[in-house]
Q: 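Dropping a structure here in structure tokens format, bear with me for questions.
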Protein chains: 2
Amino acid sequence: MVSKRAYGQYCGFARALELVGERWALMIVRDLLVGPKRFSDLQRGLPGIPTNVLTARLKEMEQTGIVERVAQPRPAGGVAYQLTPGGTDLEAAVHALGRWGAKRLGDPRADERVTVDSLVIALRSTFQPKAAKGKHLSIEMRFGPIVLHAIVKNGTIEAAPGPLPDADVVLQTGPAFRPLLAREMTPREALKNGTAILRGPKNALDQFVELFRI
Amino acid sequence: MVSKRAYGQYCGFARALELVGERWALMIVRDLLVGPKRFSDLQRGLPGIPTNVLTARLKEMEQTGIVERVAQPRPAGGVAYQLTPGGTDLEAAVHALGRWGAKRLGDPRADERVTVDSLVIALRSTFQPKAAKGKHLSIEMRFGPIVLHAIVKNGTIEAAPGPLPDADVVLQTGPAFRPLLAREMTPREALKNGTAILRGPKNALDQFVELFRI
DNA sequence: CTGGATCCCTCACGATACTG
DNA sequence: CAGTATCGTGAGGGATCCAG
């Protein structure tokens, strides 16, 4: 790869594209930013990826020090893939691209799915640290069958898959989620027409929406 | 493209990759971030790009509102390509990827070239606004036959191709440039062994190096 | 000269079947 | 579960040709 599909430029940006610019590579990184995953987890999170391509990308990124294999504890055993520190450094770039793309999402197409990892990254990348100064909020979010949570504290966010039993708020939503973050729909409207359902303080959705922005 | 090579996910990041994730697309954006360019300028700045690929990417990005064609004034005439505001919004992502890749540049390979646009982007993306607070420096940089300049002021940078006649400093350098920004070589060393040649105040290179970091 | 269009060839990718 | 094997397709690489 290094010499095959290189760009022929001694340039940091070109080098980045050579290392993670091939098809599916950054999608794999996106999912691994959420946490270590097994081969089959990645397959599930990236519907449509051919197994040989997944194998090839993992091998390449292992060789270039972006991904590493780690043994999984018993039971289950086997191996999982996780980002190295150098791979984790891609987070800023993934978030920047994610923010840019989120503005251009439009409405979901018929064949488009939503995954839990994409929502975790969406929360992290649209998070507004300045708006979160001094605020504290823990939320469990449900998007159809998908459950994730976020904890906002001291201007930082931790977002991860799964429920959060003692969350301040439980927000159940769906297609209204993007318009809410893009300020194309107000929390009031969303709650009124039932595209967002809230459990917790009445103004929690307003607070939530202030913390994120597309 | 929209349905052919889509990732099948309703996700901002996936959408970004669908729009600018194909080969050469972001390299074109990188060069256009430096300024509008003609077809042949892009060819020169991206040695190795096939003309049909350049044509295809420009058409795709024009259709998706990232690039626009503008008529060029007489003489010369013809058209040039420039980024739309939405395309310019990719700057943050390009810089983030550039910073990540710059750490992994290593030494130049035999077949790797340096272009003026890549250097402009390198200066912009490695610029450290915090270290530049209250500082002011204008510099003309020469890298072999390539000439570019940067003006640092109020914690911001403006970098562009071409000379800067009344620059505070003129720095002529080459392969030592990356090690300097990566703190693998001190200004003193670079000046001593002649891999950096300076015209201007003696400590100018120290000042310069403080403003950028790989 | 700029700004492409067209051709052919190769290989990366996509889809699916199969195996340790 | 975690890949390998196989094969067809189409995007990219490279050269050449054409129009304004």
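Chain letters run A, B, ... following the sequence lines, proteins first and then strands; every chain starts at 1.
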Q: Sequence neighbours left out, cut at 3.5 Å: what donor-acceptor pairs do the side chains of residues 159-166 of chain B make with other protein atoms?
A:
none

Q: Under the ring pair (Phe, Tyr, Trp, His ring centres under 6.0 Å) definition, can you give me all pairs with a residue in residues 47-67 of chain A, not counting sequence neighbours?
A: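 As it turns out, there is no ring pair (Phe, Tyr, Trp, His ring centres under 6.0 Å) pair with a partner in residues 47-67 of chain A once direct neighbours are skipped.
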Q: How close do A:Q9 and B:G45 get, counting heavy atoms only, and between which atoms?
A: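 Nearest pair, atom of A:Q9 first, then B:G45: NE2-O, 2.8 Å.
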Q: What's the CD-C1' distance between B:E62 and C:dG3, to the nearest Å?
A: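 In whole Å, C:dG3 C1' and B:E62 CD are 14 Å from each other.
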Q: Taking only residues two or more places apart in sequence, or in another chain, which ones meet B:F212 in a ring-ring contact (aromatic ring centres under 6.0 Å, His included)?
A: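 For B:F212, the residues satisfying ring-ring contact (aromatic ring centres under 6.0 Å, His included) (neighbours in sequence not counted) are B:F127, B:F208.
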Q: Is the shortest distance from a Lys or Arg side-chain nitrogen in A:R57 or A:E60 to a carboxylate oxygen in the other one below 4.0 Å?
A: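 Salt bridge between A:R57 and A:E60, a charged N being under 4.0 Å from a carboxylate O: yes.
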Q: When you look at A:N193 and A:T195, which way does the side-chain hydrogen bond (donor to acceptor under 3.5 Å, both in side chains) test go after all the steps?
A: CA-CA 6 Å; A:N193 65 21; A:T195 51; 2.7 Å; yes
Q: Scan residues 137-163 of chain A for pairs that pass salt bridge (Lys or Arg N to Asp or Glu O under 4.0 Å), counting only residues two or more places apart or in two chains.
A: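 For residues 137-163 of chain A: A:E140-A:R142.
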Q: Distance check needed: C:dA12 P versus A:E18 CD, whole Å only.
A: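 Rounded to the whole Å, the gap is 14 Å.
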Q: Is there a donor-acceptor pair closer than 3.5 Å between any side-chain N or O of B:E68 and the backbone N or O of B:I66?
A: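 A pair under 3.5 Å: no.
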Q: Show me the protein contacts with nucleotides 18-20 of chain C, counting only N or O atoms at under 3.5 Å.
A:
none

Q: Starting from P on D:dG13, measure out to CG on B:D111 and report it in whole angstrom.
A: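 Going from CG in B:D111 over to P in D:dG13 covers 14 Å.
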Q: At how many degrees, to 10°, do the end axes of the helix from C:dC1-D:dG20 to C:dG20-D:dC1 meet when each uses five pairs?
A: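 That helix gives 30° between its end axes.
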Q: Please identify which of these residues, B:L83, B:L26, B:D117, meets the side chain to side chain contact (heavy atoms under 4.5 Å, CB included) condition with B:D31.
A: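 Among B:L83, B:L26, B:D117, the one that satisfies the side chain to side chain contact (heavy atoms under 4.5 Å, CB included) with B:D31 is B:D117.
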Q: Taking OP1 and OP2 of D:dG12, is either one under 4.0 Å from a side-chain nitrogen or oxygen of B:R57?
A: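 Affirmative; the distance criterion is met.
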Q: Between atom CG in B:L42 and atom C1' in C:dG4, what is the gap in whole Å?
A: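 For the pair B:L42 CG and C:dG4 C1', the rounded distance is 13 Å.
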Q: Less than 4.0 angstrom between a side-chain N/O of B:R23 and OP1 or OP2 of C:dA12, yes or no?
A: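 It does not, given that no N or O in the side chain of B:R23 lies less than 4.0 Å from OP1 or OP2 of C:dA12.
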Q: Got a list of side-chain donor-acceptor pairs under 3.5 Å for residues 93-103 of chain B, not counting sequence neighbours?
A:
unit_1: B:R99; atom_1: NH1; unit_2: B:S125; atom_2: O; d: 3.1
unit_1: B:W100; atom_1: NE1; unit_2: A:G86; atom_2: O; d: 2.9

Q: Whole angstrom is fine here: how far is it from CD1 in B:I49 over to C1' in D:dG13?
A: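 Rounding to the nearest Å, CD1 of B:I49 and C1' of D:dG13 are 11 Å apart.
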Q: So, A:Y10 and B:R109: side-chain donor and acceptor under 3.5 Å apart, yes or no?
A: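 Judged by distance alone, the side chains do not pair up.
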Q: Calculate the interatomic distance between B:E22 atom CD and C:dG14 atom P; express it in whole Å.
A: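 Computing the B:E22:CD to C:dG14:P distance gives 10 Å.
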Q: Just to verify, what does A:F177 make a ring-ring contact (aromatic ring centres under 6.0 Å, His included) with, not counting sequence neighbours?
A: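 Scan of A:F177 (ring-ring contact (aromatic ring centres under 6.0 Å, His included), adjacent residues dropped) gives none.
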Q: What protein N or O atoms touch nucleotides 1-3 of chain D N or O atoms at under 3.5 angstrom, if any, and at what distances?
A:
unit_1: D:dC1; atom_1: O3'; unit_2: A:R38; atom_2: NH2; d: 3.4
unit_1: D:dA2; atom_1: OP1; unit_2: A:R38; atom_2: NE; d: 2.8
unit_1: D:dA2; atom_1: OP1; unit_2: A:R38; atom_2: NH2; d: 2.8
unit_1: D:dA2; atom_1: OP1; unit_2: A:V79; atom_2: O; d: 3.4
unit_1: D:dA2; atom_1: OP2; unit_2: A:S40; atom_2: N; d: 3.3
unit_1: D:dA2; atom_1: OP2; unit_2: A:S40; atom_2: OG; d: 2.8
unit_1: D:dG3; atom_1: OP1; unit_2: A:R69; atom_2: NH1; d: 3.2
unit_1: D:dG3; atom_1: OP2; unit_2: A:Y81; atom_2: OH; d: 2.5

Q: Could you tell me the separation between the CG atom of A:L46 and the P atom of C:dG14, rounded to a whole number of Å?
A: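 Answer to the nearest Å: 12 Å.
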Q: Tell me which nucleotide among C:dG14, C:dA12, C:dT6 gets nearest to the side chain of B:N52.
A: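 Nearest to the side chain of B:N52 among the choices is C:dT6.
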Q: For residues 118-131 of chain B, pull every pair meeting salt bridge (Lys or Arg N to Asp or Glu O under 4.0 Å), keeping only residues two or more places apart or in separate chains.
A: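 Passing the test, one end in residues 118-131 of chain B: B:E91-B:R124.
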Q: Rounded to the nearest Å, what distance is computed from the CH2 atom of residue B:W24 to the C1' atom of nucleotide D:dG12?
A: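 Result: 10 Å.
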Q: A:Y7: what forms a ring-ring contact (aromatic ring centres under 6.0 Å, His included) with it, not counting sequence neighbours?
A: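 A:Y7 satisfies ring-ring contact (aromatic ring centres under 6.0 Å, His included) with B:W24 only.
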Q: List in numerical order all residues of residues 7-16 of chain B for which some heavy atom is under 4.0 Å away from an atom belonging to DNA chain C.
A: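 Heavy-atom contacts with DNA chain C come from no residue of residues 7-16 of chain B; none.
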